[in-house]
Amino acid sequence: MTGGSRGIGRAMVRALAEAGAKVLFTYRQSESEAKALEDELRPSASETGSVRCDVRDAESVRSAVDAALTRFGRVDILVNNAGILREQLLAFTKETEWNEVVDTNLKGPFLFCKALVRQMGRQHYGRIINISSVAALMGDVPRASYCASKAGLIGLTRAVAREAAGQGITVNAVAPGIIETDLLARLPETKRKSYEERIPMGRFGHASEVASVVVFLASDRSAYITGQVLCVDGGLHM
């Protein structure tokens with residue numbers, strides 16, 4: 001799993017480990033948080049580890065995949081979660097900023113899918129889960145680069161789902177809405193209320209609610225679901 005040291009990723013690592021999965025998750029900068037999560041899970045989930053990886057770099061991705069295969073012998077589940085957000089109106093977005101977001105949010109999942117789809121095909125089993133966003137379905141201001149990258153991830157999900165379906169591999173996307181994170185905790189109360197008013201369920205989601213959907217898609221209970229986008233957004237996008 002990519003991007004597992006913080007936020008929604010951290011919740012997904014916990015949930016997958018608690019469900020019995022052996023989890024190797026990546027981080028790029030948050031080594032202390034990654035190691036803290038390993039320590040937290042070690043008493044109940046000894047087969048949980050982390051590895052530094054820059055998902056934008058093919059060699060770094062290959063190294064992370066090799067680490068997983070060396071440790072576990074095979075990879076059954078891939079969760080592409082690593083992502084970044086840069087808020088800037090399109091007219092003022094620098095090309096370097098655009099490339100950074102697209103390379104992380106879209107190129108990264110491409111590299112991991114490419115690195116693992118053959119191995120999953122040889123074993124005739126695989127679960128690929130890409131973490132997109134409701135912003136990909138609705139658009140958002142001022143986040144053109146983020147919306148475009150997450151929309152592209154949905155296209156990648158459906159294309160790979162069609163390619164790999166005959167090999168026992170399912171490929172799905174999860175599109176979280178507004179989820180409680182450290183970032184949201186710093187929102188002014190007036191802005192928080194305005195966001196909540198847009199959500200039919202009247203509240204923000206919890207990271208654990210996204211994680212539970214990921215665990216379902218990673219399990220055999222979802223064996224006949226592929227190429228789908230599951231929104232976890234309280235009805236924000238209908």
Side-chain angles (χ1 to χ4, degrees), residues 2-9 12 26-30 53-58 60-61 79-114 128-161 171-201 203-205 207 210 227-238:
T2 70
S5 62
R6 296 185 296 174
I8 296 174
M12 290 190 289
T26 75
Y27 65 91
R28 186 164 68 94
Q29 296 177 319
S30 307
C53 177
D54 183 346
V55 302
R56 302 168 298 180
D57 179 75
S60 185
V61 169
V79 182
N80 283 306
N81 174 67
I84 60 172
L85 169 67
R86 295 287 181 262
E87 294 192 332
Q88 183 63 274
L89 292 171
L90 180 64
F92 301 104
T93 299
K94 297 176 182 176
E95 185 177 352
T96 54
E97 295 171 333
W98 176 276
N99 289 342
E100 181 185 22
V101 172
V102 173
D103 283 354
T104 303
N105 298 357
L106 184 54
K107 181 183 175 183
F110 154 71
L111 290 173
F112 269 94
C113 287
K114 178 180 171 63
I128 298 175
I129 303 149
N130 296 321
I131 308 303
S132 181
S133 170
V134 73
L137 304 171
M138 298 177 63
D140 201 4
V141 178
R143 300 171 178 174
S145 59
Y146 181 78
C147 293
S149 64
K150 291 297 188 177
L153 186 54
I154 291 174
L156 178 67
T157 297
R158 289 176 170 152
V160 180
V171 189
N172 292 288
V174 176
I178 304 175
I179 307 299
E180 291 278 10
T181 62
D182 293 341
L183 182 63
L184 286 184
R186 299 194 293 269
L187 272 181
E189 188 61 27
T190 53
K191 182 170 275 191
R192 183 183 180 92
K193 286 185 180 298
S194 71
Y195 282 163
E196 288 174 341
E197 288 171 357
R198 297 166 55 191
I199 303 170
M201 290 188 71
R203 67 171 177 87
F204 295 163
V210 179
Q228 302 304 307
V229 181
L230 277 67
C231 293
V232 186
D233 65 354
L236 180 60
H237 173 263
M238 289 193 187

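In this chain, residues are counted from 1 in sequence order.
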Please give me the minimum heavy-atom distance between [X] and [Y], naming the atom from each residue.
{"X": "Cys147", "Y": "Ala135", "answer": "SG-O, 3.5 Å"}
{"X": "Asn172", "Y": "Gln228", "answer": "OD1-N, 2.9 Å"}
{"X": "Thr104", "Y": "Gly83", "answer": "CG2-CA, 3.9 Å"}
{"X": "Gly234", "Y": "Pro200", "answer": "O-CD, 3.5 Å"}
{"X": "Ser60", "Y": "Cys53", "answer": "OG-CA, 3.4 Å"}
{"X": "Ala151", "Y": "Ala136", "answer": "N-CB, 3.4 Å"}

>> Has Ser133 got a side-chain atom pairing as donor or acceptor with Ala175's backbone, closer than 3.5 angstrom?
In response: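 Side chain of Ser133 to backbone of Ala175, a donor-acceptor pair under 3.5 Å: no, none is there.
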
>> Looking at Ser132 and Leu153, would you say the former's side chain and the latter's main chain have a donor-acceptor pair under 3.5 Å?
In response: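 Absent.
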
> Heavy-atom count around Met201 CE within 6.0 Å, excluding the residue itself: above 12?
Replying inline: no

> Residues two or more places apart in sequence or in another chain: which of them pass side-chain contact (heavy atoms from CB on, under 4.5 Å) with Ser145?
Replying inline: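 Ser145 satisfies side-chain contact (heavy atoms from CB on, under 4.5 Å) with Trp98, Val101 once adjacent residues are dropped.
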
>> Tell me every residue that passes side-chain contact (heavy atoms from CB on, under 4.5 Å) with Gln29, counting only those two or more places apart in sequence or in another chain.
In response: none

Of all residues at least two apart in sequence or in a different chain, which pass the side chain to side chain donor-acceptor pair (under 3.5 Å) check with [X]?
{"X": "Ser149", "answer": "Asn105"}
{"X": "Glu180", "answer": "Arg192"}
{"X": "Asp57", "answer": "none"}
{"X": "Thr157", "answer": "Asn130"}

>> Let's go through Val55 and Leu111 carefully: what are the C-alpha distance in whole Å and the side-chain angles of both, what is the deciding distance for side-chain contact (heavy atoms from CB on, under 4.5 Å) to 0.1 Å, and is it a yes or a no?
In response: CA-CA 8 Å; Val55 302; Leu111 290 173; over 6 Å; no

Holding to salt bridge (charged side-chain N to carboxylate O under 4.0 Å, His left out), I want the full list of residues that pass it with [X], two or more places apart in sequence or in another chain.
{"X": "Asp103", "result": "none"}
{"X": "Lys191", "result": "none"}
{"X": "Arg86", "result": "Glu100"}
{"X": "Arg28", "result": "none"}

>> Show every salt bridge (charged side-chain N to carboxylate O under 4.0 Å, His left out) that has at least one partner inside residues 227-238, sequence neighbours left out.
In response: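 Passing the test, one end in residues 227-238: no pairs.
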
>> Applying salt bridge (charged side-chain N to carboxylate O under 4.0 Å, His left out) as the test, list every pair that has at least one member in residues 141-159; sequence neighbours left out.
In response: Glu87-Arg143, Asp140-Arg143

> How many angstroms lie between CZ in Arg198 and NE2 in His237, if you round to the nearest 0.5 Å?
Replying inline: 12.5 Å

>> Any heavy-atom pair between the side chains of Asn80 and Cys113 that's under 4.5 Å?
In response: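 With C-beta onward as the side chain, the pair touches.
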
>> So Val61 and Thr2, do their side chains get closer than 4.5 Å, heavy atoms only?
In response: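 Not in contact.
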
